[in-house]
Novice: 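Following this message is one structure expressed as structure tokens.
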Amino acid sequence: MNGVYVLEKLILIDGNSIANRAFYALPLLSNSSGLHTNAVFGFTTMLLKLIEEQKPTHFLVAFDAGKVTFRHADYKEYKGGRAKTPPELSEQFPLIRELVQAFGIPQFELAGYEADDIIGTMTRLADEKGLDVVVVTGDKDMLQLASEHVTIALTRKGISEVELYTPEAIREKYGLVPKQIIDLKGLMGDASDNIPGIPGVGEKTALKLLHEYGSVEEVLARADDISGKMKDKIKEHADDARMSKELATIYREVPMEMKLDELQYAGYEGPTLGAMFRKLEFKSLLDKMDLSGGDAGAEGAEAIEVDVVERGSLGALADALADVEAVHFEIVGENPHVSDVIGLALRMSSGKALFVPADLLDAPEAEPLRRWLADEDAGKIVYDMHRTEVGLHWKGIELRGVTFDVLIAAYLLDPTESTHTLNELAGRYGLPAVPADENVFGKGAKFKVPDVGPLSEHLARKADLLARLVPVLKDELEKNEMNRLYYELEFPLARVLAAMEKRGIRVNADDLKQYGGELGKSIDALVEGIYKAAGTEFNINSTKQLGEILFDKLGLPVIKKTKTGYSTDAEVLEKLAPYHEVVSSILNYRQLAKLQSTYVEGLLKEIRPETGKVHTYYQQTIAATGRLSSQFPNLQNIPIRLEEGRKIRKVFVPDEPGWNILAADYSQIELRVLAHISGDDRLKDAFRNDMDVHTKTAMDVFGVSEADVDANMRRQAKAVNFGIVYGISDYGLSQNLNITRKEAAEFIEQYFAVFQGVRHYMDDIVRQARTNGYVTTLLQRRRYLPDINASNFNLRSFAERTAMNSPIQGSAADIIKLAMVQIAERMANEKVRSRMLLQVHDELVFEVPEDELELMKKLVPEVMEGALQLDVPLKVDVNYGVNWYEAK
DNA sequence: AACTTCACG
DNA sequence: ACGTACGTGAAGTTC
């Protein structure tokens, strides 16, 4: 009537029912570790078949949650007498949940309800929306749900075949309308669920009665019309019949907030499913579906045509550059600031490849190539633009005009993967395999750059794969609604980061050495005292030796153990301090030794003699939450909390005399993000009124006025706020506050009673994780949580906390990254001399000439606060001084 | 290479 | 009952 009618089909699976069917239908297979997999296998074949034959656009697998449902409140014998689920089957449920997740199918369960009720509710919702629905189950009761749009697929003989029941089919077979299925069961009962019905009434009699009277109520009302013994039986068991009918009625008003949109199904990802099948050892399916992928090695792969460019042919190369699609640079070593560029492979639009050895890059004849690399208008696809740009920089070559970075895309599509090597990406996205670098170069001491033949072949393969990956990755980004995240945030950020790293930050080596000298004296004195107190010399850095001294020799109480022996961490030592004077000396020693080794000696080693600066390297594709990380040296963990360490910051100075270090940090960005995404009114109010959020939390949780919040209450409230951001648990909070778990639990309950929006968010986000298998940030950054349905309590709890934390930490990361891109743009437009130097998660550090101080003090917070509009204001504090220490 | 400890947000 | 707070990187010791 109005526009195009899109055909949508929702499949709803009764997970428990199908698992049961599969289990009893198939022989008890088990894999090499002795785990049974027959039900999982049956479930798999069922899913594959449904996907192929039904082509669902929406999908849900519903599971029963727990043992007790609302039905037990009415009839405690419900499902009583049923044989316990055999362990061979129950052990398969976690696998089935993982399997469903690997298929990318949403799953759902709700405490107190059975899968039937969830499905009943979904069919009602889908029916209202006009979707076609297929319900897959082994349970005949579900036939009551059949309607114009809802078809019931009942498993038949095992699970290999299903029989489809429309209302017509039900009428043909039983002469009933779907609703009367409930009456049928009310009369005949169901032995397997311990529903009594009327004794002596089986299917035949029940059908006869229903054909005549229509419903249980009618049968009971007109029992007198019925002849013989049946009349007495019916009268005698009238209540049983009524209750049985009630028990058999599927509840279609389950209070769930699941939206149909959340059930969209776009099909499975071969590599994910392949990995699951490998785990389950479903070899036949792997082969049949050709999911083997991965590191198949180069044998099977087609040879790739690659020409090695020589000095004499560099001129000819210049003419070919217009036809380059992708470039792969091989830069060995972890730190691109000090790495060797070995060469590059150009993948031409013809499919052929050219290899340029690194030594040619410096040749005068390579000028056209260098110009092409630096040409903003010469588009090129690369892997890790940021790293390449840095690596080339130290060779005096610029890289510009990159149109797509494969690494960043791969990272966004699954930030939890530990690496995204091209070898892995080939497997992940089902493209022709590329050997692992390790197999070509060797690793560790055996690392060796191979001869030009195999080297050029390998790089050519990688460049070729880059070109092939691009359409696939673009497609995936689009599907995940990550275009903005990619094109407006991560991709432009890569160049901002490269620029910051190339610039570096000046470190005053002389001051640092002097500080190290002072530290050295203090450390020596402490060491002497410790040896004396211990009565022997030993390696204080060795936890093993330290443990022997403290616990065996001095007989101090063991507070905590580690995997390998006694724990001697700061928490333990603080508890031991009252017992022996040596302990506090050890704590002091630890503190100073850390400063000396990591921050004095470590930092000195990282100062580049050519520049007198340290050039950190930001990893943009490591952290699962979307944060950056910093290496060589790590400039995101320079001491600040303790004054002694904080002094280190004095050696970080501006590059030019008379300039300032300016630091701008977000105030409480994570709690502001939480206020925004949870929509919690009280939390929002706190920030809208620019209150001290910990004090406000203390007021609300303890129910006192602002004046009555003492330091201790604020401290506890602060710990609770931290806990909330981390995905709170009573245990974690009790550890942090040194209180009992019970007290911690009461705190948390108090908090949630007040901040109900936050509680709602926490429940909701975990539910989302369970159904989708992932959670997202404000800018659609995704984090997958494969353990969210694990049967192992620890794994599952960890995943739940991660589900709560990641959107918060990740959204904060989104915001500051967005600000960085915008600030870089503004600074370029305003043509300032000031430079952005560092990012420390919620802080940006700049060096600023005196005459730009006023401008930057205004520009930086303005952009940071406006980077992303939230329901609460973002607040930024700005400070500056002659070094990083003074910018406080 | 694994483990422990500790620095930061 | 279970037993960890979330996210990183670096240094030192031990195996």
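In the text below, chain A, chain B and the rest are named by the order of the sequence lines, each starting its count at 1.
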Novice: Taking atom P in both B/dC6 and C/dC2, compute the distance separating them and give it to the nearest angstrom.
Specialist: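 Comparing P positions in B/dC6 and C/dC2 gives a spacing of 27 Å.
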Novice: May I have the distance from A/Glu574 (atom CD) to B/dT5 (atom P), rounded to whole angstrom?
Specialist: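 Atom-to-atom, A/Glu574 to B/dT5, this comes out as 13 Å.
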Novice: Quick one: look up who B/dA1 pairs with, Watson-Crick or G-U, both distances under 3.5 Å, and put none if it's unpaired.
Specialist: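 Paired with B/dA1, as far as the under-3.5 Å criterion goes, is C/dT14.
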Novice: Please give me every residue in residues 790-815 of chain A whose heavy atoms get under 4.0 Å of an atom in DNA chain B, ordered by residue number.
Specialist: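 Listed by number, they are A/Gln809.
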Novice: Indicate, with a heavy-atom threshold strictly under 4.0 Å, whether A/Asn634 touches base, sugar-phosphate, or nothing.
Specialist: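 Sugar-phosphate only.
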Novice: With a 4.0 Å cut-off on heavy atoms, is A/Glu843 in touch with a base, just the backbone sugar-phosphate, or nothing at all?
Specialist: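 No contact.
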Novice: Looking for any heavy atom pair under 4.0 Å, which part of the strands does A/Ser729 touch: base, sugar-phosphate only, or nothing?
Specialist: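 Since a base atom lies under 4.0 Å of A/Ser729, the category is base.
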Novice: Would you mind classifying the nucleic acid contact of A/Asn539 as base, sugar-phosphate or nothing, using non-hydrogen atoms under 4.0 angstrom?
Specialist: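 The residue A/Asn539 makes sugar-phosphate contact but no base contact.
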Novice: What is the nucleic acid contact for A/Arg646, judged by heavy atoms within less than 4.0 Å: base, sugar-phosphate only, or nothing?
Specialist: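 Since no nucleic acid heavy atom lies under 4.0 Å of A/Arg646, the category is nothing.
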Novice: Provide the start and end nucleotides, 5' to 3', of the part of DNA chain C that has atoms under 4.0 Å from heavy atoms of chain A.
Specialist: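 Contacts span C/dC2 to C/dC15, reading 5' to 3'.
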Novice: Below 30° counts as parallel, above 60° as perpendicular, anything between as tilted: where do the rings of A/Phe747 and A/Phe702 land?
Specialist: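 Aromatic pair A/Phe747/A/Phe702 classed perpendicular.
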Novice: Check every strand shown and say whether A/Ala744 touches a base, only sugar-phosphate, or nothing at a heavy-atom separation below 4.0 Å.
Specialist: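 No contact.
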Novice: Calculate the interatomic distance between A/Leu592 atom CG and B/dC6 atom P; express it in whole Å.
Specialist: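 After rounding, the gap between these two atoms is 13 Å.
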Novice: In plain terms, say whether A/Lys696 and A/Asp700 are close enough for a salt bridge, that is, a side-chain N and a carboxylate O under 4.0 Å apart.
Specialist: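 Here A/Lys696 pairs with A/Asp700 in a salt bridge, since their nearest N and O are under 4.0 Å apart.
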Novice: Quick one: do A/Lys647 and A/Glu518 satisfy salt bridge (charged side-chain N to carboxylate O under 4.0 Å, His left out)? Show the steps, please.
Specialist: CA-CA 12 Å; A/Lys647 291 199 171 82; A/Glu518 288 161 23; over 6 Å; no
Novice: Are A/Lys563 and B/dC3 close enough that a side-chain N or O sits under 4.0 Å from OP1 or OP2?
Specialist: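 For B/dC3, OP1/OP2 do have a side-chain N/O of A/Lys563 under 4.0 Å.
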Novice: Which pair of heavy atoms, one from A/Lys553 and one from A/Ile549, lies closest together, and at what distance?
Specialist: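 Where A/Lys553 meets A/Ile549 most closely, the heavy atoms are CB-O, 3.2 Å.
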Novice: What nucleic acid atoms does A/Gly723 come within less than 4.0 Å of, heavy atoms only: base, sugar-phosphate, or nothing?
Specialist: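 Counting heavy atoms under 4.0 Å across all strands, the contact made by A/Gly723 includes a base.
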Novice: Nearest-Å distance, CD1 (A/Ile669) to C1' (B/dG9)?
Specialist: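 Computing the A/Ile669:CD1 to B/dG9:C1' distance gives 11 Å.
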Novice: Under 4.0 Å, heavy atoms only, any strand: does A/Ala593 hit a base, just the sugar-phosphate, or nothing?
Specialist: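 The answer is nothing, as A/Ala593 stays clear of every strand by at least 4.0 Å.
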Novice: So, for A/Tyr666 and A/His841, is the gap between ring centers shorter than 6.0 Å?
Specialist: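 No.
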Novice: Would you mind checking if A/Glu746 and A/Lys742 are paired as a salt bridge, meaning a charged N to carboxylate O distance below 4.0 Å?
Specialist: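 Salt bridge present between A/Lys742 and A/Glu746.
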Novice: Any side-chain N or O of A/Arg641 under 4.0 Å from OP1/OP2 of B/dC8?
Specialist: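 Result: yes.
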Novice: Which part of the nucleic acid does A/Val725 contact within heavy-atom distance under 4.0 Å: base, sugar-phosphate only, or nothing?
Specialist: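 The residue A/Val725 makes no contact with any strand.
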Novice: Please give, in whole Å, the distance from B/dC6 C1' to A/Ile586 CD1?
Specialist: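 Interatomic distance, CD1 of A/Ile586 to C1' of B/dC6: 16 Å.
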Novice: With sugar-phosphate meaning primed atoms plus P, OP1 and OP2, does A/Asp569 contact a base, only sugar-phosphate, or nothing at under 4.0 Å between heavy atoms?
Specialist: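 Counting heavy atoms under 4.0 Å across all strands, the contact made by A/Asp569 is with sugar-phosphate only.
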Novice: Please report the distance, rounded to the nearest Å, between CG in A/Leu595 and P in B/dT5.
Specialist: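 Going from CG in A/Leu595 over to P in B/dT5 covers 18 Å.
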Novice: Please state the P separation for the pair B/dT5 and C/dA5 - nearest whole angstrom.
Specialist: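 Going atom to atom, P in each nucleotide, I get 12 Å.
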Novice: Determine, step by step, whether A/Thr421 and A/Asp437 satisfy the side-chain contact (heavy atoms from CB on, under 4.5 Å) criterion, reporting the C-alpha distance in whole Å, the side-chain angles of both residues, the deciding distance to 0.1 Å, and the verdict.
Specialist: CA-CA 9 Å; A/Thr421 64; A/Asp437 288 334; 5.6 Å; no
Novice: Give none if C/dA1 has no partner; otherwise give the nucleotide forming a Watson-Crick or G-U wobble pair with it, both distances under 3.5 Å.
Specialist: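 In the structure as shown, C/dA1 has no Watson-Crick or wobble partner.
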Novice: Would you say A/Arg387 and A/Thr621 are linked by a side-chain donor-acceptor pair, where the criterion is simply a distance under 3.5 Å?
Specialist: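 Side-chain D/A pair, A/Thr621 to A/Arg387: absent.
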Novice: Do you see a donor-acceptor pair shorter than 3.5 Å between the side chains of A/Asn541 and A/Tyr589?
Specialist: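 On atom types as modelled, these side chains qualify, holding a pair under 3.5 Å.
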Novice: Report the distance from atom NZ of A/Lys561 to atom C1' of B/dT4, rounded to the nearest whole Å.
Specialist: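 Interatomic distance, NZ of A/Lys561 to C1' of B/dT4: 15 Å.
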Novice: Mind telling me whether A/Phe441 and A/Phe447 have parallel, tilted or perpendicular rings, with 30° and 60° as the class edges?
Specialist: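 Rings of A/Phe447 and A/Phe441: parallel, as their planes differ by under 30°.
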Novice: Which residues pass the ring-ring contact (aromatic ring centres under 6.0 Å, His included) test with A/Phe752, not counting sequence neighbours?
Specialist: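 In terms of ring-ring contact (aromatic ring centres under 6.0 Å, His included), with neighbours along the sequence ignored, A/Phe752 is linked to no residue.
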Novice: Under 4.0 Å, counting only non-hydrogen atoms across every strand here, what does A/Arg590 touch: a base, just sugar-phosphate, or nothing?
Specialist: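 Answer is sugar-phosphate: A/Arg590 comes under 4.0 Å of backbone atoms only.
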Novice: Just how far, in rounded Å, is C1' of B/dT4 from NZ of A/Lys560?
Specialist: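 That distance rounds to 11 Å.
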Novice: Using whole Å, what does the distance between atom P of nucleotide B/dG9 and atom NZ of A/Lys888 come to?
Specialist: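 Spelled out: NZ on A/Lys888 to P on B/dG9 is 15 Å.
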